[in-house]
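Down below is the structure, laid out as structure tokens.
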Amino acid sequence: MAAPLSDTPLSSLKTVAVVGLGTMGTGISEVLARAGREVIGIDISEAAAAQAVTALESSTARAVRRGRLTEQQRGDVLARFRTFTDLQAAADADLVIEVTPESYDIKQQVFRALDAVVRPETILATGTNALSVTRLAADSARPERVLGLHFFNPAPAMKLVEVVSSVLTAPAAVAAVTDLAVELGKEPVAVGDRPGFVADGLLFGYLNQAAAMYEARYASREDIDAAMKLGCGLPMGPLALLDMIGVDTARTVLEAMYAESRDRLHAPAPILGQLSEAGLTGRKAGRGFYSYEAPGSATVVPDALTPRESSAGEGGRTVRSVGVAGSGTMASGIAEVFAKAGYAVVLAARSEEKAQAARARIGKSLSRSVDKGRLSAEAAAETLERITPAGSYDAFADVDLAVEAVAEDLEIKQQLFAAFDKVCKPGAILATTTSSLPVVACARATSRPQDVIGMHFFNPAPAMKLVEVVRTVLTADDVHATVREVCATIRKHPVDCGDRAGFIVNALLFPYLNNAIKMVQEHYATLDDIDAAMKLGGGYPMGPFELLDVVGLDVSLAIEKVLHREFRDPGLAPAPLLEHLVAAGCLGRKTGRGFREYARR
């Protein structure tokens, strides 16, 4: 008599069958074999099975060369991996992981066939990242033994494994595969059954928005990708990541998400369907959003959409002196950036005292750079010498570029631009660092809207390389050209975008953060699990809740409201949980409590 599932011990998960030996199945097989499991690799294609063996031979040979395996260990790993083309080979498996194409028909056929082959206590896991585990389980003879085990690509390197339970899954099955994941050196995260689970549920919504942004010709593919890498510290830009994942795969995941959520943010951008139907599915096809050296290559090659290098100094205005308005962290950071690059800087605030305090803050920042060996004491002294504090904006009379970095309040900024208009000389460029307000509204407060542009620096300005250069419909070409030249001089990377809420970074970042809040609000996953999932599965430097507490929940809510007001999309409405926390004064690290609590300094 077979042991009931509730009595299945972890030690029984010694033999694992992997059904589907594509890239993911092969990677999972390697992880299991290297961890001492007997692995039965099954694929209907003899070529795929042979390729899986070759791939394992190559990867283990590399591991020997790098000193991570001995030749004896390599031989043992290879001996533990056997391949077959018939599901009957899974008869002795304690656990079966299917990694077949994302199709209910295919996966259900596999599960029905496995029902007739495996023992009653054998756990059946699906590697799906888009389909309903519950629906697959319901078709099984023993739905309590079916669950999701979602590895991330490349499986040997990626630490995250999402363990997905349906309402039918036995706790003993979840416990067994969770313990197995830990033994494999992975970090398991427990999630419920919904398309995309945690990591892909958040990631693919963001990727979809980036595709839609590109399709609308709001920004170039290169600028969208550079903005998210430099502005958020992501390892890849969203369009390059779509090409790596596969445009067709992304479309399938989004369709499954949209079928359940009916959230327009998950409705696949039409360009994903157009590229898929044209066979331009990304790296694997040699062309997707970008063009590649060959199918399967990661090397991007120039194509008709690749931006041409513009000639430096072409049609620009001369900028020798810069005025920075404001006395806060952003204003002092921007002033430091310009002074380091050799510009004469006038740092003006509402009082001489505030301006002096801002200059003193810059002095401390420069001293820290000297202590860390990033700047010589002489260079620091010369930089500080270039900054002249002023208690009135009248000091901007001779500057060539005036940059405001005051409170994110449209009325305050409009008053400031009206003052710039009266004080600054003809031909001076007037720039706003706003992250969410309409630049054109600042421009219309002046008699020279053609001279007004957005220069959105990121905090901390001395460290962050990105500047979003925001043209309005009235901005003059030479103003735009000049600001791009200035960005190069101050060693920042400019990305061009139009004058709409959120520009590039915030328009893509904050809906992702809002969706993470909704997951917690709906009790789908914990803060810790979501943060871990995005760091381990998405390569994010910080989890969404870590980032929200750093940015400030009040700042986040304000940006969410601006995005919702401009785009009128119900999916962009701020999560009620965010509004409640802000109303309670829980604003993040700055108040000692946000989504988490922090020690008071």
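For the single chain, residues carry numbers from 1 onward in sequence order.
- Ser165 places none of its side-chain heavy atoms less than 4.5 Å from the side chain of Leu147.
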Gln72 and Asp76: CA distance, side-chain angles, deciding distance, side chain to side chain donor-acceptor pair (under 3.5 Å) verdict: CA-CA 6 Å; Gln72 177 63 50; Asp76 292 343; 3.1 Å; yes
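- Residue-environment remark: CD (Glu46) stays at or below the threshold of 12 foreign heavy atoms within 6.0 Å.
- The number of heavy-atom neighbours closer than 6.0 Å to CZ of Arg112, taken from other residues, nucleotides and ligands shown, is above 12.
- Between Arg568 and Arg264, the closest heavy-atom pair is O-NH1, 4.4 Å.
- Distance check: Glu183 CD to Leu32 CG gives 11.0 Å after rounding to the nearest 0.5 Å.
- Within the 4.5 Å cutoff, side-chain heavy atoms of Arg194 are placed close to those of Glu260.
- Taking the side chain as every heavy atom from C-beta outward, Val505 and Leu466 approach each other to under 4.5 Å.
- With 3.5 Å as the limit, one finds a donor-acceptor pair spanning the side chains of Asp193 and Thr134.
- Counting heavy atoms from C-beta outward, Thr126 and His150 have side chains that stay 4.5 Å or more apart.
- For the 3.5 Å distance criterion, the side chains of Asp225 and Tyr214 fail to qualify, holding no donor opposite an acceptor.
- With a 6.0 Å cutoff to the six-membered ring centre and a 45° limit on the axis angle, Arg287 does not count as a cation-pi contact of Tyr290.
- For the residue pair Asp92 / Thr15, no side-chain donor-acceptor distance below 3.5 Å is found, with atom types taken as modelled.
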Could you go through the salt bridge (Lys or Arg N to Asp or Glu O under 4.0 Å) check for Lys186 and Glu162 one step at a time? CA-CA 10 Å; Lys186 304 299 182 184; Glu162 290 177 319; over 6 Å; no
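- Here the shortest heavy-atom pairing between Arg65 and Arg62 reads NH2-CG, 2.9 Å.
- Of the candidates Val163, Asp179, Val164, Val163 is the only one forming a side chain to side chain contact (heavy atoms under 4.5 Å, CB included) with Val174.
- In this structure, the side chains of Lys107 and Leu131 come closer than 4.5 Å at one or more pairs of heavy atoms.
- In terms of heavy atoms, Leu234 sits closest to Pro541 at CD2-CD, 4.1 Å.
- Remark: Leu305 CG is packed, more than 12 non-hydrogen atoms of other residues, nucleotides or ligands lying under 6.0 Å away.
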Could you walk me through whether Lys535 and Glu546 satisfy the salt bridge (Lys or Arg N to Asp or Glu O under 4.0 Å) test, starting with their C-alpha distance in whole Å, then the side-chain angles of each, then the deciding distance to 0.1 Å, before giving a yes or no? CA-CA 11 Å; Lys535 288 193 289 185; Glu546 290 176 280; 3.1 Å; yes
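- When only modelled atom types and interatomic distance are considered, Ser276 and Asp248 share no side-chain donor-acceptor pair under 3.5 Å.
- With a 4.5 Å cut-off on side-chain heavy atoms, Thr85 and Ile42 do not count as touching.
- Judged by distance alone, the side chains of Asn515 and Tyr206 never bring a donor and an acceptor atom under 3.5 Å apart.
- No donor-acceptor contact under 3.5 angstrom links the side chains of Thr281 and Arg251, judged on distance only.
- Under 3.5 Å, the side chains of Thr249 and Glu102 contain no donor-acceptor pair of N or O atoms.
- If you take CZ on Arg491 and NZ on Lys465, they are separated by 5.5 Å, rounding to the nearest 0.5 Å.
- Residues Leu265 and Gln209 form a side-chain contact, since some pair of their non-hydrogen atoms from C-beta on lies under 4.5 Å apart.
- Distance check: Leu149 CG to Leu124 CG gives 12.0 Å after rounding to the nearest 0.5 Å.
- Under the 3.5 Å distance criterion, with hydrogens and angles disregarded, a donor-acceptor pair is assigned to the side chains of Glu30 and Ser59.
- Counting heavy atoms from C-beta outward, Ile517 and Phe595 have side chains that approach closer than 4.5 Å.
- The residues Arg221 and Asp243 are annotated as not salt-bridged, no charged nitrogen and carboxylate oxygen being separated by less than 4.0 angstrom.
- Cation-pi geometry between Arg135 and Tyr104 is satisfied (NZ or CZ under 6.0 Å from the ring centre, within 45° of the ring normal).
- Of all heavy-atom pairs spanning Ala226 and His493, the tightest one is CB-NE2, 3.6 Å.
- To the nearest 0.5 Å, the span separating CG on Leu13 from CG on Asp94 amounts to 6.0 Å.
- Nearest heavy atoms, Ala575 versus Asn514: N-OD1, 2.9 Å.
- Interatomic distance, Glu121 CD to Arg145 CZ, rounded to the nearest 0.5 Å: 8.5 Å.
- The minimum heavy-atom distance between Leu21 and Ser29, with the atom names listed, is CD2-OG, 3.9 Å.
- Atoms CD1 and CZ, from Ile530 and Phe545 in turn, are 4.5 Å apart once rounded to the nearest 0.5 Å.
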Under the side chain to side chain donor-acceptor pair (under 3.5 Å) criterion, do Ser166 and Thr169 qualify, and how do the steps go? CA-CA 5 Å; Ser166 79; Thr169 309; 3.1 Å; yes
